[in-house]
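Take a look at the structure below.
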There are 2 protein chains.
Amino acid sequence: MGVRERKARDRQEMRDIILKSAYHLFLEKGFADVSIRNVAEAIEYSPATIYLYFKDKNEIIHALHSQGFGLLNKHFQPLYKIADPFERLREMGKAYIRFAIKNAEMYKLLFVRSEPMDHLAGCEDKNWEEGDSAFNALSQTIEQCKQKGYFKKFDTHQFSMMVWSFTHGLCALRLSGHLGRVKEEREGKRKLDQIMNETLETFIHTLEKLKQ
Amino acid sequence: MGVRERKARDRQEMRDIILKSAYHLFLEKGFADVSIRNVAEAIEYSPATIYLYFKDKNEIIHALHSQGFGLLNKHFQPLYKIADPFERLREMGKAYIRFAIKNAEMYKLLFVRSEPMDHLAGCEDKNWEEGDSAFNALSQTIEQCKQKGYFKKFDTHQFSMMVWSFTHGLCALRLSGHLGRVKEEREGKRKLDQIMNETLETFIHTLEKLKQ
DNA sequence: TTAAATGATAAACAGTGTTCATAAAAACAC
DNA sequence: GTGTTTTTATGAACACTGTTTATCATTTAA
């Protein structure tokens with residue numbers, strides 16, 4: 001009797017429907033403006049029904065959070081083919097920024113909002129595989145750069161933190177609207193995407209000078 | 001008859017009372033968990049009264065936003081005495097991070113939340129003096145560094161953007177809880193503040209190598 | 001003293017996340 | 001097939017949120 005299995009399958013299916021609908025609404029209306037009632041209406045169920053499949057709104061957010069990291073890792077995958085580690089590092093920066101701009105709401109969910117991290121702090125024993133996976137990709141690339149003569153005197157972990165901090169900072173300033181407020185941009189001299197590329201290139205350029 | 005003047009004074013006084021109370025509540029309960037009704041109760045007035053002094057919640061947020069920049073600029077003021085521009089740059093980084101940690105909710109209001117920037121985008125003609133002031137302090141310091149032989153081949157504005165991106169990224173990751181989730185920290189090897197200092201030092205160290 | 005303007009508020013509107021008793025449907029035991 | 005238990009779904013409610021409006025008291029102006 002596979003009735004238990006079918007029920008488990010049905011349950012997972014329902015969870016997926018809710019998540020998919022919630023994600024679409026996030027993309028449409030932005031993260032802050034989606035309510036449980038919106039999701040319920042979209043899937044043509046009562047709001048209370050959602051609470052049969054998710055403990056609360058945070059659990060939905062966290063589920064999307066996990067999916068988002070999967071998406072980010074997918075964006076990174078093609079870059080692992082790049083043999084030269086420094087070139088790969090540059091392309092990782094570009095890919096990271098592309099991801100942040102193309103999936104703005106998702107990026108905020110992954111790296112700006114603190115709710116998912118708080119939720120994660122609750123279950124402390126559990127490792128944060130998705131996050132570590134992305135960070136390890138960076139660390140490994142930097143380690144390989146070191147073997148090619150870059151950043152020789154620097155600690156790999158600290159250097160990775162620094163690179164991540166810069167890249168995230170650039171994306172965060174862009175998504176929060178602060179980048180569009182700097183004088184030069186306000187005067188319309190440059191487009192936002194151009195500023196981001198130039199700033200990334202400036203950063204990469206400083207790293208380039210750290211060879212041997 | 002100074003009745004107009006007195007009324008204007010009373011009005012400003014009431015606005016200050018509301019702002020002060022709102023700020024205290026923000027510090028206590030965090031930005032997201034403060035409502036107009038909370039503020040009203042704290043000052044012992046009806047919620048509707050607040051709307052006589054502020055158009056809506058965003059205007060309160062934006063008023064605090066302005067005050068926050070004043071506070072940040074105050075934190076920077078002592079640093080202008082430092083003669084050596086590179087040393088000043090380092091201390092600006094430290095001061096920025098100190099400010100972000102000590103005034104976490106305010107920092108989020110200033111640099112993470114997008115509402116104040118959206119509100120600012122509404123009145124486009126108005127310059128954003130407070131923000132430019134802080135950014136100019138950074139730009140000038142970097143310009144002076146260039147005169148001392150640092151970053152010679154770099155554009156001042158782009159280089160300033162890069163430095164700001166890094167510093168903000170570090171603070172943002174800390175305040176959103178992402179810094180506490182990196183493997184090394186999860187294993188309890190290092191304290192958060194130590195990580196931030198080390199990462200800043202790593203960054204400063206890369207800049208140091210860009211002399212002449 | 002009367003008329004107009006201002007200040008303050010209770011009540012209401014439309015929305016939020018969440019809980020709970022109730023009703024319908026499916027699974028199980030006999 | 002009947003009766004019982006478990007699962008699934010929901011309407012209604014609770015305690016909130018930001019904001020608006022009609023109403024009332026007070027202060028200013030004529």
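Naming convention: chains lettered A, B, ... in sequence-line order (proteins, then strands); numbering from 1 in each chain.
- We find that NZ of B/K7 is positioned 11 Å from C1' of D/dA29, with the value rounded to whole Å.
- Nucleic acid contact class of B/V34 (heavy atoms, under 4.0 Å, all strands): sugar-phosphate only.
- Side-chain proximity of B/S35 to D/dG18, C/dC20, C/dT6: nearest is D/dG18.
- The CD1-P distance, from A/I36 to C/dT19, rounds to 11 Å in whole Å.
- A/Y107 has its ring centre no less than 6.0 Å from the ring centre of A/F31.
- Within the structure, a side-chain polar atom (N or O) of B/N38 is placed less than 4.0 Å from OP1 or OP2 of D/dT17.
- Candidate nucleotides D/dT27, C/dA10, D/dA9 were compared by shortest atom distance to the side chain of B/R6, and D/dT27 ranks first.
- As rounded to whole Å, 18 Å separates atom P of D/dT6 from atom CZ of A/R11.
- Of the residues in residues 40-47 of chain B, those with a non-hydrogen atom less than 4.0 angstrom from any atom of DNA chain C are B/Y45, B/S46.
- Checked against a 6.0 Å centroid threshold, the rings of A/F154 and B/F203 do not count as neighbours.
- In this structure, B/E91 does not pair ionically with B/R88, as no charged nitrogen and carboxylate oxygen lie closer than 4.0 Å.
- The side-chain heavy atoms of A/I50 and A/Y45, taken from C-beta on, include no pair separated by under 4.5 Å.
- B/F135 has its ring centre less than 6.0 Å from the ring centre of B/H157.
- Sorted by residue number, the list of members of residues 13-21 of chain B with any non-hydrogen atom under 4.0 Å from DNA chain D is empty.
- The separation between B/D10 atom CG and C/dA5 atom P is 20 Å, rounded to whole Å.
- Separation of the B/Y150 and B/F159 ring centroids does not fall under the 6.0 Å cut-off.
- Residue contacts for B/F54: at a heavy-atom cut-off of 4.0 Å it reaches no nucleic acid atom on any strand shown.
- If you look at A/F111 and A/F99, their ring centroids are not closer than 6.0 Å.
- Between B/H168 and A/H168, the ring planes lie parallel to each other; the angle is under 30°, not in the 30° to 60° tilted range.
- Atom OH in B/Y51 sits roughly 13 Å away from atom C1' in C/dC13 (whole-Å rounding).
- Distance, B/D33 CG to C/dT16 P: 18 Å, rounded to whole Å.
- Contact annotation: the side chain of A/E59 approaches that of A/R15 to within less than 4.5 Å [non-hydrogen atoms, C-beta and beyond].
- The distance from atom CG of B/N58 to atom P of D/dT17 is 17 Å, rounded to the nearest whole Å.
- A/R37 contributes no side-chain N or O that forms a donor-acceptor pair with the base of C/dG15 under 3.5 Å.
- Between A/E115 atom CD and C/dG17 atom C1' there is a gap of 14 Å when expressed in whole angstrom units.
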